[in-house]
Amino acid sequence: MTMQKMKTLAAACAALTAATSSSNALTCEVDPAKFEFTSDSPSTFNIGMREDVDKAYDALSNSIESLESYQKSQIFYSNGYERITQYECSEDKCRSSEILQDLQKCNAGEMSKADACYPLAVVYHKKLYCLLFPRQTNFDPSKPFIQYIPFKINQGVQ
């Protein structure tokens, strides 16, 4: 194989790898006003440091299946920011009370930081809705608010 063919092959492999990794990248809805997965009070949870929440979404991206594969709505919880627990909603839309009941099931037993559960995300009609955000530390009202976007690399910090 000539050097030119090797360079062409390497470039093609690099392009294919980049296209594959970007097509698998997760995105999610973060605006509670657009949360369609529930007909009652949608809410988000501001718990933990940014690094912890990043770890939780990283764990979700490594464990979640294709959004198209979920036939019923699913609620995902972060266990200690590193493990994922999943529950199926009993109806098409998840109720807030159901999210809290499943949270209690998830939190049953040990209550250390390593075992604590936090509502993380919901899959509803092939769309992902993110619920967990870092708590606001050092908030400065004189600066513009920077929304935390899960799965986004190199975000600005408030």
Can you tell if the side chain of [X] reaches within under 4.5 Å of the side chain of [Y], non-hydrogen atoms only?
X: Cys106; Y: Tyr87; value: yes
X: His125; Y: Asp92; value: yes
X: Thr44; Y: Tyr148; value: no
X: Asp52; Y: Pro134; value: no
X: Tyr129; Y: Lys34; value: no
X: Phe133; Y: Val30; value: yes

With rounding to the nearest 0.5 angstrom, report the [atom1] to [atom2] distance, [X] to [Y].
X: Cys117; Y: Ile84; atom1: SG; atom2: CD1; result: 9.5 Å
X: Tyr57; Y: Asn62; atom1: OH; atom2: CG; result: 14.5 Å
X: Asp102; Y: Ile75; atom1: CG; atom2: CD1; result: 4.5 Å
X: Asn46; Y: Leu132; atom1: CG; atom2: CG; result: 8.0 Å
X: Gln74; Y: Cys89; atom1: CD; atom2: SG; result: 7.0 Å
X: Gln86; Y: Ile64; atom1: CD; atom2: CD1; result: 7.5 Å

- I would like to know whether Glu29 and Lys127 meet salt bridge (charged side-chain N to carboxylate O under 4.0 Å, His left out); could you show each step before the answer? CA-CA 8 Å; Glu29 180 59 61; Lys127 187 172 178 179; 3.8 Å; yes

- Item | Residue list, salt bridge (Lys or Arg N to Asp or Glu O under 4.0 Å) with Arg95, at least two apart or on another chain |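 Partners of Arg95 by the salt bridge (Lys or Arg N to Asp or Glu O under 4.0 Å) criterion, ordered by chain and then number, come out as Glu91.
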
- Task: Check ring-ring contact (aromatic ring centres under 6.0 Å, His included) between Tyr81 and all other residues, then give those that pass, not counting sequence neighbours.
- Result: Tyr118

- Message: According to side-chain contact (heavy atoms from CB on, under 4.5 Å), who are the partners of Gln101, at least two apart in sequence or on a separate chain?
- Response: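 None.
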
- Considering residues at least two apart in sequence or located in another chain, which fulfil the side-chain contact (heavy atoms from CB on, under 4.5 Å) criterion with Ser61? Leu26, Asp58, Phe151

How close do [X] and [Y] get, counting heavy atoms only, and between which atoms?
X: Ser78; Y: Leu120; result: N-CB, 4.0 Å
X: Leu103; Y: Pro119; result: CD1-CD, 4.0 Å
X: Ile47; Y: Val53; result: O-CG2, 3.4 Å
X: Leu131; Y: Ser43; result: CD2-O, 3.7 Å

- Query: Are Tyr124 and Phe35 near enough that their ring centres are under 6.0 Å apart?
  - Reply: no

- With under 30° as parallel and over 60° as perpendicular, where do the rings of Tyr70 and Phe76 fit, or are they tilted in between? perpendicular

- Message: If hydrophobic clusters are built by linking Ile, Leu, Val, Met, Phe, Trp and Tyr wherever their side-chain heavy atoms come under 4.5 Å apart, do Phe45 and Met49 end up in the same one?
- Response: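 Phe45 does not cluster with Met49.
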
- Task: May I ask you to decide if Asp40's main-chain N or O and Ser96's side chain share a donor-acceptor pair within less than 3.5 Å?
- Result: no

- Task: Report the C-alpha distance between Ile99 and Tyr77 in whole Å, list the side-chain angles of each, state the deciding distance to 0.1 Å, and finish with yes or no for side-chain contact (heavy atoms from CB on, under 4.5 Å).
- Result: CA-CA 9 Å; Ile99 293 172; Tyr77 297 88; 3.7 Å; yes

- Summary of salt bridge (charged side-chain N to carboxylate O under 4.0 Å, His left out) pairs that have at least one residue in residues 64-76, sequence neighbours excluded: Lys72-Glu88

- What pairs with Ser73 under side-chain hydrogen bond (donor to acceptor under 3.5 Å, both in side chains), at least two apart in sequence or on another chain?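 In terms of side-chain hydrogen bond (donor to acceptor under 3.5 Å, both in side chains), with neighbours along the sequence ignored, Ser73 is linked to no residue.
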
